[in-house]
**Student:** 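The structure is given below, and queries will be raised subsequently.
One is the number of the first residue; the rest follow in order along the sequence.
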Amino acid sequence: MQVDANQRIKEEDIKQEANLNYRLAQLMAYAMNEPSKMPSFESAYPFAGKVEEITEEERLVKEMEEDQQRMMIMAQAIKATRARKAKKQEVK
């Protein structure tokens with residue numbers, strides 16, 4: 001399951017990189033042949049403004065998930081410690 005997910009993520013990254021490389025080649029052609037018709041950054045990469053918003057939101061979600069994982073690990077450790085202490089007291 002995780003291997004498939006990692007593979008899909010890697011494929012998506014490769015596709016994104018290929019699209020950006022293609023777009024860069026188009027912009028280089030403009031720069032070399034017709035610099036006066038070179039599109040602005042915003043029109044060449046309309047998603048650039050959205051990437052920052054998504055990245056910030058994703059960062060917050062990721063932080064929250066990491067915090068939840070840490071709390072679960074600590075809760076499991078506390079539970080295991082209490083179980084060991086209870087078991088020791090039963091033996092005595």
**Student:** How long is the gap from CZ on Arg8 to NZ on Lys15, to the nearest 0.5 Å?
**Tutor:**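 Rounded to the nearest 0.5 Å, the CZ-NZ separation comes out at 11.5 Å.
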
**Student:** With sequence neighbours excluded, what pairs up with Glu66 under the salt bridge (Lys or Arg N to Asp or Glu O under 4.0 Å) test?
**Tutor:**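 With sequence neighbours excluded, Glu66 shows a salt bridge (Lys or Arg N to Asp or Glu O under 4.0 Å) to Arg70, given in chain and number order.
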
**Student:** Mark yes when over 12 heavy atoms from residues, nucleotides or ligands other than Met64 sit less than 6.0 Å from its CE; otherwise mark no.
**Tutor:**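 Yes, enclosed.
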
**Student:** How many angstroms lie between CD in Glu11 and CG in Asp13, if you round to the nearest 0.5 Å?
**Tutor:**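 CG of Asp13 is found 10.0 Å from CD of Glu11.
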
**Student:** Any side-chain heavy atom of Lys10 sitting closer than 4.5 Å to one from Asn6?
**Tutor:**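 The answer is no, as the side chains (C-beta and beyond) never meet within the 4.5 Å cut-off.
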
**Student:** Say you draw a straight line from OG1 of Thr81 to NZ of Lys79; how long is it, rounded to the nearest 0.5 Å?
**Tutor:**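 It is 12.5 Å, given to the nearest 0.5 Å.
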
**Student:** How many angstroms lie between atom CZ of Phe41 and atom CG of Leu27, to the nearest 0.5 angstrom?
**Tutor:** 10.0 Å

**Student:** Check Pro35 against Ala31 and note the closest heavy-atom contact, atom names and distance.
**Tutor:** CG-O, 3.5 Å

**Student:** Is there a side-chain contact between Gln26 and Arg23 (heavy atoms, below 4.5 Å)?
**Tutor:** yes

**Student:** Using the salt bridge (Lys or Arg N to Asp or Glu O under 4.0 Å) criterion, which residues pair with Glu63? Sequence neighbours excluded.
**Tutor:**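 Applying salt bridge (Lys or Arg N to Asp or Glu O under 4.0 Å) to Glu63 gives Arg59.
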
**Student:** Could you check whether any side-chain heavy atom of Ile9 comes within less than 4.5 Å of a side-chain heavy atom of Glu12, counting everything from C-beta outward?
**Tutor:** no

